[in-house]
> 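Quick one: this structure, given as structure tokens, is what I'll be asking you about.
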Amino acid sequence: MTSDDRIKLDAVWKQALREEFEEPYMDELREFLRQAHAAGKEIFPPGPLIFNALNSTPLDKIKVVILGQDPYHGPGQAHGLCFSVQPGIAVPPSLLNIYKELKRDLNIDIASHGCLQSWADQGVLLLNTTMTVERGIAASHAKKGWERFTDRIIQVVSEQQPQLVFLLWGAHAQSKQKLIDTTKHLVLTSVHPSPLSAYRGFIGNGHFSRANKFLVQNGLTPIDWTLPSV
């Protein structure tokens, strides 16, 4: 997970995070992942996609940040973008509720797939705070170092970029608000879109229209939340 490794990272991100990669905890994280692979454990997302969120959305192009917690742990699902699944994979329940709010808020038809790559390409950083997981075991890579790394990403984004929108859904995402400069960024919070909580305040939050209004007010092109066919 450095410039010498097979995992490639966008040059702007690499420069911004250079000191973080040299911290001892990153060596421990690398060793943990190496041992997991050596033991024959299947890790998601695949190695080249671990940093997909960063490679898809360069630091200087970010407009909106959405935080997730853990990659999907089923085969073929995770591809490095929170809430998103690869084309051809069934839309997960939380993502379906996101689509339902998009329909209610902006009258955008519910997509037939779950790939959010077009959002990432437009400047929506779709960041899981833990960036890998073992197949079939949710949160199996929590507290191994990823959270410290992604906390630093959030801090860097907050410090270096002007007038962003942070969408913090659920208690875990909201716990990261302390890392964000709320004097210059718009932070919108609600319950998580999971089926357990979506109808207690996620459906009806209006976050997508509110995010675009803020972007336009700050001279930026709004996000086209409509997902193209894949």
Side-chain angles (χ1 to χ4, degrees), residues 44-45 49 52-54 56-57 62-74 76-131 133 138-139 150 154 157 164-177 180 185-216 221-230:
F44 298 141
L49 293 176
N52 190 24
L54 304 183
S56 296
T57 313
I62 297 172
K63 298 178 181 179
V64 178
V65 179
I66 299 177
L67 296 180
Q69 186 165 356
D70 203 37
Y72 296 117
H73 53 81
Q77 290 182 300
H79 64 127
L81 306 179
C82 72
F83 292 105
S84 181
V85 292
Q86 303 205 57
I89 299 295
V91 177
S94 292
L95 181 55
L96 181 58
N97 284 329
I98 292 172
Y99 290 170
K100 289 177 180 177
E101 174 55 18
L102 270 173
K103 175 66 174 175
R104 190 210 61 80
D105 187 18
L106 293 171
N107 199 32
I108 291 174
D109 287 339
I110 292 176
S112 61
H113 63 84
C115 182
L116 306 181
Q117 187 68 49
S118 71
W119 293 1
D121 294 341
Q122 293 180 75
V124 182
L125 179 64
L126 296 164
L127 181 67
N128 278 316
T129 57
T130 299
M131 299 182 79
V133 70
T150 54
I154 296 165
V157 170
L164 304 183
V165 183
F166 287 81
L167 304 182
L168 307 183
W169 300 331
H172 177 78
Q174 289 166 30
S175 74
K176 306 300 180 180
Q177 185 164 341
I180 301 165
H185 302 301
L186 176 64
V187 178
L188 300 176
T189 63
S190 81
V191 298
H192 195 274
S194 121
L196 298 174
S197 57
Y199 287 93
R200 299 204 306 270
F202 180 82
I203 304 296
N205 66 22
H207 282 186
F208 300 103
S209 59
R210 291 166 68 185
N212 276 352
K213 181 180 179 181
F214 181 84
L215 294 176
V216 171
T221 305
I223 303 299
D224 181 0
W225 298 104
T226 306
L227 291 168
S229 299
V230 295

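One-based numbering along the sequence shown.
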> Who passes side chain to side chain contact (heavy atoms under 4.5 Å, CB included) against A139, sequence neighbours left out?
D70, A142
> Please examine the side chains of I98 and L116, heavy atoms only from C-beta on, and report whether any two atoms are closer than 4.5 Å.
no
> Can you tell if the side chain of D121 reaches within under 4.5 Å of the side chain of S56, non-hydrogen atoms only?
yes
> Taking only residues two or more places apart in sequence, or in another chain, which ones meet K176 in a salt bridge (Lys or Arg N to Asp or Glu O under 4.0 Å)?
D151
> Looking at side-chain heavy atoms only, is the closest gap between V91 and I110 below 4.5 Å?
no
> Side chains of T150 and N128: does their closest heavy-atom pair fall under 4.5 Å?
no
> Between F202 and V191, what is the shortest heavy-atom contact and its length?
N-CG2, 3.2 Å
> Provide the closest heavy-atom pair for Y72 versus F44 in the form atom of the first, atom of the second, distance.
O-CB, 4.0 Å
> Throw together a table of side-chain donor-acceptor distances under 3.5 angstrom for residues 193-201, partners on residues two or more places apart or in other chains.
residue : atom : partner : partner atom : Å
S194    : OG   : L196    : N            : 3.0
S197    : OG   : H192    : O            : 2.6
R200    : NH1  : L196    : O            : 2.6

> Taking side-chain hydrogen bond (donor to acceptor under 3.5 Å, both in side chains) as the cut-off, I'd like each qualifying pair that reaches into residues 76-94, sequence neighbours left out, listed once.
H79-S84
> Output all residues satisfying side chain to side chain donor-acceptor pair (under 3.5 Å) with T57, sequence neighbours left out; order by chain, then residue number.
none
> Apply side chain to side chain donor-acceptor pair (under 3.5 Å) to E101 and list each qualifying residue two or more places apart in sequence or on a separate chain.
R104
> Mind checking what makes side chain to side chain contact (heavy atoms under 4.5 Å, CB included) contact with P45, not counting sequence neighbours?
L49, I50, P71, A78
> What residues, two or more places apart in sequence or in another chain, satisfy side chain to side chain donor-acceptor pair (under 3.5 Å) together with T189?
none
> So, using salt bridge (Lys or Arg N to Asp or Glu O under 4.0 Å) as the criterion, who are the partners of K103 when residues are at least two apart?
D109
> Going by ring pair (Phe, Tyr, Trp, His ring centres under 6.0 Å), name the pairs with one or both residues in residues 90-120, residues two or more places apart or in two chains.
W119-W225
> Mind checking salt bridge (Lys or Arg N to Asp or Glu O under 4.0 Å) for R210 and listing every partner two or more places apart, or none if nothing turns up?
none
> Kindly give the heavy-atom pair with the smallest separation between L164 and H185, and that separation in Å.
N-ND1, 3.0 Å
> Check L215 against T221 and note the closest heavy-atom contact, atom names and distance.
CD1-O, 4.1 Å
> Residues in side chain to side chain donor-acceptor pair (under 3.5 Å) with T130, at least two apart?
E147
> Keeping N212 on the side-chain end and P222 on the backbone end, is there a donor-acceptor pair under 3.5 Å?
no
